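Notes follow the structure.
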Amino acid sequence: MTSPKAPPIMGFMPELPEVETIRRGLERHLPGRRIRRAEVRAPQLVTHPDWESFVIGLAGRTFGKPRRVGKILFLDLDSGTLLVHLGMTGQLLFQDSAQTAPGNAVGGEQDPHAHILLHHVDGTCLCYRDIRKFGKWRLYTTREALTCPELAGLGPDPLTPDFALEGFASALKRTTRHIKAVLLDQSVVAGMGNIYVDETLHRCGLRPTRRANKLSARDVRRLFEAIPDVLKEALERGGTTFSDYRDAEGNRGQNGPALRVYGRYGQPCLECGQELRRTTVAGRTSSWCAKCQK
DNA sequence: ACCTCGACCTGGGCGC
DNA sequence: TGCGCCCAGGTCGAGG
């Protein structure tokens, strides 16, 4: 009688739509701002160069237009580029001078999850919060950023023309891995995480355990088309917010209620009513419908 | 080539 | 009330 119930989902996973939402917010605020001082409260987040050089290197730099590839943000500077990966719980918040003191929680005490603060000369601040500290910050020279290892290991971004059916199909053809594992693999397609992989597979009627090389050409094409569709629809809603996720301007995303399967195991499939199953695939909790997904 | 597992983290749920 | 266990997961590295 006890059907599995999904636990309440805490935090959020910044996948492509969430990162792009943040990038768009930053694009409205960052270009032209000059960094006065970088404050690093959690040095382990800065892995290149060492955090002291990171702090020194950022002083006096001016932001250009932020870019994104997959889940990675590139904050270009007049000299050099900041690479930011939000991990699982990272947030980038732009704070203007009228708000609460940067990095402080309401009430005045220091926000324990504010780990990196870029204080600008005009009094505004870019505040990085990350409850689980899985995020990564790096400061590259402009040249290094072009060939950095994070970029080198990345497949095409599905919202760009780089994402092409031919390359996608051949990547699937040459592996026997579960299709879910392949879609999570950032070197095949950059930007999908557990949420949107589950959503995409449900939309295409494919079980997460299907072998990638066994998919028909028709299924591969449907997947290829569904991936950007699912991501764009989530992006139009400002991304998925579970509890405390905020975009760069502190807004919540509206995609949560639009999720069809993610986190809904134990509840009825919205297509057929059958109870959604839960299985571990590629080491991740997966929700799927045994009736709709073959 | 692919899989699993542990590590990195924290907070919320839940059993006792 | 409270403690401790388990889980969530992006990514990487180690070991099978």
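Quick note on labels: first sequence line is chain A, next is B, and so on, each numbered from 1. Keep in mind it's a predicted model, so treat the numbers as computed, not measured.
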*For C/dG10, does OP1 or OP2 lie under 4.0 Å from any side-chain N or O of A/K71?*
no
_Measuring from the side chain of A/T176 (C-beta onward, heavy atoms only), which nucleotide among B/dC2, C/dG9, B/dT10 has the closest atom?_
B/dC2
_Just checking A/H202 against A/Y262, ring centres under 6.0 Å apart?_
no
*Is the distance from OP1 or OP2 of B/dC2 to the nearest side-chain N or O of A/T175 less than 4.0 Å?*
yes
_Side chain of A/Q44 (C-beta onward), nearest among B/dC9, C/dG9, C/dG10_ = B/dC9
*Any chance CZ of A/R221 has more than 12 other-residue heavy atoms, nucleotides or ligands included, within less than 6.0 Å?*
no
*To the nearest Å, how far apart are A/L184 CG and B/dT4 P?*
13 Å
*Using atom OH of A/Y128 as one end and atom C1' of B/dC9 as the other, report the distance to the nearest whole Å.*
12 Å
*asked:* I need the CG-P distance between A/L45 and B/dC9, as an integer number of Å.
replied: 9 Å
_Whole angstroms only, please: what is the CZ-C1' distance between A/R278 and C/dG9?_
12 Å
*asked:* If we count only N and O atoms by modelled type, under 3.5 Å, do the side chains of A/H178 and A/R211 hold a donor and an acceptor together?
replied: yes
*Indicate the ring-plane relationship of A/F94 and A/H29, choosing parallel, tilted or perpendicular according to the 30° and 60° boundaries.*
parallel
*For C/dG9, take OP1 and OP2 only and decide whether either is under 4.0 Å from a side-chain N or O of A/T285.*
yes
_Value in whole Å for how far the P atom of B/dC9 lies from CD of A/Q91_ = 18 Å
*For atom CD1 of A/I131 and atom C1' of C/dA8, their distance in whole Å*: 12 Å
_Measuring from the side chain of A/H113 (C-beta onward, heavy atoms only), which nucleotide among C/dG9, B/dC2, B/dG11 has the closest atom?_
B/dG11
*For the side-chain contact (heavy atoms from CB on, under 4.5 Å) test, which of A/D162, A/L159, A/L151 pairs with A/V69?*
A/L151
*Protein-nucleotide distance (A/I72, atom CD1; C/dC12, atom C1'), rounded to Å*: 13 Å
*Output the single nucleotide from B/dC2, B/dC9, C/dT11 whose closest atom is nearest the side chain of A/F134.*
B/dC9
*Does a nitrogen or oxygen in the side chain of A/Y262 sit under 4.0 Å from OP1 or OP2 of C/dA8?*
no
*Could you tell me the separation between the CZ atom of A/R284 and the C1' atom of C/dG9, rounded to a whole number of Å?*
6 Å
*For B/dA1, which nucleotide in any strand shown is its Watson-Crick or wobble partner with both distances under 3.5 Å?*
none
